[in-house]
Amino acid sequence: MKFFVDTADVGDIKDLLDTGFLDGVTTNPSLVAKSGRDFLEVITEICGLTDMPVSAEVSAVDTEGMILEGERLAGIAENVVVKLPLTLDGLRACRHFRQKGIRTNVTLCFSANQALLAAKAGATYVSPFIGRLDDINLEGSHLLGDIRTIYNNYDFETRILAASIRSANHVTQAALAGADVATVPPGVIRKLAEHPLTQNGLAQFLSDWQDTGQSIV
Ligand code: E4P
């Protein structure tokens, strides 16, 4: 499973690029607002750091507006993936970008039928929001599994990008359900390497090693 980082914070992206675990970046209007930065400037800066896919979301809600904005975003760099909402207008725009060879991420997906339409519209990625389903007492991970089955049934090429990941447990659920990608907040990516037994075990090994009085180099 690939890891995208879900942030518009350039400092976090730089830091995580160094780990070698990252395969891409996703942003959304809320994350851009949180960064306090100019949208086009921040996307340009992120694309200057990496040639991995960088999702940048349109703000228009009509097909024509989405096409106009998406073409502007795609003009920033070759690795920009145009992020479109999963509405009929968004799906029409998705088809347009498919025909032009521009990659898309169809976002705000909350049902298997929506994911089916995204695949038929030629989306590069579909983003099911598992955390927001969990928030309303539904099983986000079940949606991922259903989409995986449907896409396998018909050999759809659209990649399942598990989004709205809030915990390390969500990452495991996405991997078990066969998501192609998980977009994960920076703090959760860092937590994936942590386990209290690893910390305790390491402390014990260090203490026992010091008792031996030996050194390796
Ligand atoms: C990513 O593409 C999504 O916009 C993001 O994962 C949403 O996460 P949230 O539900 O925690 O806001």
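Keep in mind that the numbers below use all heavy atoms, side chains included, and drop hydrogens, waters and symmetry copies. Remember, it's 1-based here, ligands and their atoms both numbered in the order they're listed. Here, residue 1 is the first one in the sequence, and each next residue gets the next number.
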With distance as the sole criterion, is a donor-acceptor pair present between the side chains of Ser127 and Thr107 under 3.5 Å?
-> no

Of all the heavy atoms in Lys83, does at least one lie under 4.0 Å from an atom in ligand 1?
-> yes

Numbered atoms and elements of ligand 1 in range of Arg132, under 4.0 angstrom, heavy atoms | 7 (C), 9 (P), 10 (O), 12 (O)

One finds that the ligand 1 atoms under 4.0 Å from a non-hydrogen atom of Arg166 are 9 (P), 10 (O), 11 (O)

Indicate yes or no: does an N/O atom of Asn105 lie under 3.5 Å from an N/O atom of ligand 1?
-> no

Can you find an N or O of Asp6 that's nearer than 3.5 Å to an N or O of ligand 1?
-> yes

Does the N or O separation between Thr107 and ligand 1 drop below 3.5 Å for any pair?
-> no

List the atom pairs, donor and acceptor, that lie under 3.5 Å between side-chain atoms in residues 209-217 and the rest of the protein, sequence neighbours left out.
{"residue": "Thr212", "atom": "OG1", "partner": "Trp209", "partner atom": "O", "Å": "2.6"}
{"residue": "Thr212", "atom": "OG1", "partner": "Gln214", "partner atom": "N", "Å": "3.2"}
{"residue": "Ser215", "atom": "OG", "partner": "Val217", "partner atom": "O", "Å": "3.4"}

Contact (N/O only, under 3.5 Å) between Thr27 and ligand 1 | no

Mind jotting down which residue pairs meet the side-chain hydrogen bond (donor to acceptor under 3.5 Å, both in side chains) criterion with at least one end in residues 184-203? Sequence neighbours excluded, please.
-> Asp12-Arg190, Asp15-Arg190

Is it true that Asp135 and Arg132 make a salt bridge, defined as a side-chain N closer than 4.0 Å to a carboxylate O?
-> no

Partner of Arg37 by side chain to side chain contact (heavy atoms under 4.5 Å, CB included), out of Val32, Ile43, Asp9, Val10 = Val10

